[in-house]
Structures are given as structure tokens and as C-alpha cells.
Amino acid sequence: SACSRSISTRSSPSRASWASCQGRPRSSRSCPGRRPRLRVRLDELGLSLLPARRDLAEVEQALVTQSGREWFLAQALDELADDFDVAVIDTPPNLAQLTINALVIADVVLVPISLEDEGAAQGLVELEARIGELERVRRIGGRLPRPRLLPFYNRSNPRKRQETMVAAQAIVEALSSVGVEAAPTRIPDRVAVQHAAIARVPLVAYRRDHAAAMAFEQLATDVLAAVA
């Protein structure tokens, strides 16, 4: 299934684009709202990072039986809303509870579509269906019924063999046939992406002049335009 990158942003100091707590279920047991203690600051990039932890798997299992489980993430982020202009949430590549929590509060959902995965289009269709099922929940939280869906093509490589090129074109045509418009920026398939990951350094810091780094920066510009 598709992996969503969910984005929420503040348009004013009043947190206008964050879901209001009024009228939505709360559970002090499942939604403690405690400020995360571990924050990695990347001042040179103007970013702060809250790394995922292994015990999130246990949290997801616990949420299944909790009342108001769709609001666990929203309530946890409420304390941080005044600290940031944009929050990017990297979800698991599935449609389980942690991903649903992100979909409930997202303004924009980024969906990487691998041009090497013939099942990518089907994953996007399943994601759209789940977003439709969450419309009522989003309304309860005072949000628009649907976030904006913004797919982008990943692992683009026109130099690969003909069979791969045919598969990539089939994916593009499949998305077009269901009325989905992808972001204009494509992320190229380059080994520098893996090298940066191994070095545990953001690609834009590892090789800022690299084609993939510049593509990610352009994609960020596309996203910011979408949430403006």
C-alpha cells in the first residue's frame, strides 16, 4: 500500500489549520499529550527531527481497543503546534492506526509512487478509499472532509532498460485514468540517496548540488505551495 507523508501547517498564531480539540473524543490513557523528549535539531537546515521508536508498534496495538483512537497523534502534537510552521509526519507503508491518525489531521498527503512498482497505482486507490472513509471523523475535528492528495514519482530513471520504462509509463497512465494528478517534480533514482542514508545525513546536506537533492528541494517548494 502507499505510504503517506502527512503535512499540517499553521497559517496564523491561532492554529487555524490545526484541528480544534473541541468536540472530539479524548482519552487521557491513550492520548497523554506529553511533549516528546527526544528532538534532534538540524539548525543548518532549519529543521527539528523527532525520530520514531520501536515501541510505536506497541502503541498501535494498544490503540485498537481505545476510544477516540483516531485522535492520539493530534493530541500529542497540540503541544508542539506553536513551535513549528510545518510538521511533516512520515507514516508506515500501510493503512493501520498510526497512518489513520496522520490522515485525520493532514492538510496534504504526500504519496511516493515508485516507477519500479507496478502495484503503486493500486496502493494509491486504496489510500483514496480510506481517506473517504475518514471524512466524518475529520469533520468532527473541524477539518476539511479530505486532505489534498499529492502523489509524486520516485525512483525515476530514464536510462534503465526498456521493460522498466514501459512499466513506468503504465503507472503514469493508470494514475491519469483515475483522475489523479501527480506533482510535476520527479525524484531521480540515484545512488547518492542510499549513500546519504548510510551516512545518516540529509541528502541536501550530503550533496546539495546533486540532482536528487535539487529535486527534493523543488518538491518541498511544490508542497509549501499546496499548503499556502
* To do: With sequence neighbours excluded, tell me which residues meet side chain to side chain contact (heavy atoms under 4.5 Å, CB included) with V201.
  => A199, A205, Y206
Do [X] and [Y] sit in one hydrophobic cluster, given that two such residues count as connected whenever their side-chain heavy atoms are within less than 4.5 Å of each other, even indirectly?
X    : Y    : value
V125 : L149 : no
L77  : F84  : yes
V86  : L144 : no

* Any residue meeting side-chain hydrogen bond (donor to acceptor under 3.5 Å, both in side chains) with R130, in chain and number order, not counting sequence neighbours -> E133
* To do: List in chain and number order the residues that pass side-chain hydrogen bond (donor to acceptor under 3.5 Å, both in side chains) with E135, two or more places apart in sequence or in another chain; answer none if no residue qualifies.
  => R146
* Asked: Excluding sequence neighbours, so at least two apart, what forms salt bridge (charged side-chain N to carboxylate O under 4.0 Å, His left out) with R207?
  -> D209
How close do [X] and [Y] get, counting heavy atoms only, and between which atoms?
X    : Y    : result
R69  : L63  : CD-O, 3.0 Å
L134 : L103 : CD1-CB, 3.8 Å
T99  : P92  : OG1-O, 3.4 Å
N101 : E70  : OD1-O, 3.2 Å

Just list the side-chain donor-acceptor pairs under 3.5 Å for residues 210-226, sequence neighbours left out, or say none.
from: H210; atom 1: ND1; to: A212; atom 2: N; distance (Å): 3.0
from: E217; atom 1: OE2; to: R208; atom 2: NE; distance (Å): 3.0
from: E217; atom 1: OE2; to: R208; atom 2: NH2; distance (Å): 2.9
from: Q218; atom 1: NE2; to: D222; atom 2: OD1; distance (Å): 3.2
from: T221; atom 1: OG1; to: E217; atom 2: O; distance (Å): 3.2
from: D222; atom 1: OD2; to: T185; atom 2: OG1; distance (Å): 2.8

* To do: Using the side-chain contact (heavy atoms from CB on, under 4.5 Å) rule, take I113 and F152 through it: C-alpha gap first, then chi angles, then the decisive distance, then the call.
  => CA-CA 6 Å; I113 303 294; F152 68 94; over 6 Å; no
Rounded to the nearest 0.5 Å, what separation is found between the [atom1] atom of [X] and the [atom2] atom of [Y]?
X    : Y    : atom1 : atom2 : value
I131 : R148 : CD1   : CZ    : 13.0 Å
I187 : S114 : CD1   : OG    : 12.0 Å
W71  : D78  : CH2   : CG    : 10.0 Å

* Might you work through the side-chain contact (heavy atoms from CB on, under 4.5 Å) test for L127 and L124, ending with a clear yes or no? => CA-CA 5 Å; L127 174 61; L124 183 60; 4.3 Å; yes
* Asked: What pairs meet the salt bridge (Lys or Arg N to Asp or Glu O under 4.0 Å) rule with one or both residues in residues 172-182, with sequence neighbours excluded?
  -> none
* Is there a side-chain contact (heavy atoms from CB on, under 4.5 Å) between I89 and L73 once you walk through the steps? -> CA-CA 10 Å; I89 306 166; L73 180 59; 3.9 Å; yes
* **Intermediate values then yes/no, side-chain contact (heavy atoms from CB on, under 4.5 Å), L115 and R155** => CA-CA 6 Å; L115 290 175; R155 302 182 68 84; 5.6 Å; no
